[in-house]
Amino acid sequence: DLGKAFQQMRNTTYSGKGTDELDYKIGLAWFELTIDNQNVWVHDGGTGGSSSFIFICPAKNLAMVFLSNNNTDAGAPTVAVEVFNDIIKL
């Protein structure tokens, strides 16, 4: 049941402040962030010089997948968050 799986991923198993000063909550390897006053679930991964991100904002019925051929800390993660920040405000 997909609905049950999404509910389980929202159960917080860790919370704390990141090095970027954002408050993080983590549930089943998904990060919960607040972006533009909305709860957003984020998961990322990467291998061999590529990276991927998925952002889900249930309140706005919005999701974004970001794929990149860049796996540096200053590259894809920064761009992915900036793009989602712009999209969520629409």
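All figures in this text were calculated on a predicted structure; none of them were measured in a lab.
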(request) For L62, enumerate each residue passing the side chain to side chain contact (heavy atoms under 4.5 Å, CB included) test, keeping only those at least two apart in sequence or located in another chain. (result) C57, K60, F84, I87, I88
(request) With side chain to side chain contact (heavy atoms under 4.5 Å, CB included) as the test, would you mind laying out the steps for F66 and D44 before giving the verdict? (result) CA-CA 9 Å; F66 186 90; D44 65 350; over 6 Å; no
(message) Please find the pair of heavy atoms, one from M64 and one from A80, that lie closest to each other, and give the distance.
(response) CE-O, 3.6 Å
(request) For side chain to side chain contact (heavy atoms under 4.5 Å, CB included), just list the numbers for F55 and V65, CA-CA rounded to whole Å, side-chain angles, deciding distance to a tenth of an Å, and then say yes or no. (result) CA-CA 7 Å; F55 297 79; V65 174; over 6 Å; no
(request) Evaluate side chain to side chain contact (heavy atoms under 4.5 Å, CB included) for F31 paired with V40, printing each intermediate quantity in order. (result) CA-CA 8 Å; F31 293 85; V40 178; over 6 Å; no
(request) Report, as yes or no, whether the 6.0 Å neighbourhood of atom CG on D86 holds more than 12 heavy atoms from other residues, nucleotides or ligands. (result) yes
(request) Grab the two heavy atoms, one from N39 and one from P58, that are nearest each other, plus how far apart they are. (result) O-CD, 3.9 Å
(message) When you compare the side chain of N85 with that of I35, does any pair of heavy atoms fall below 4.5 Å?
(response) yes
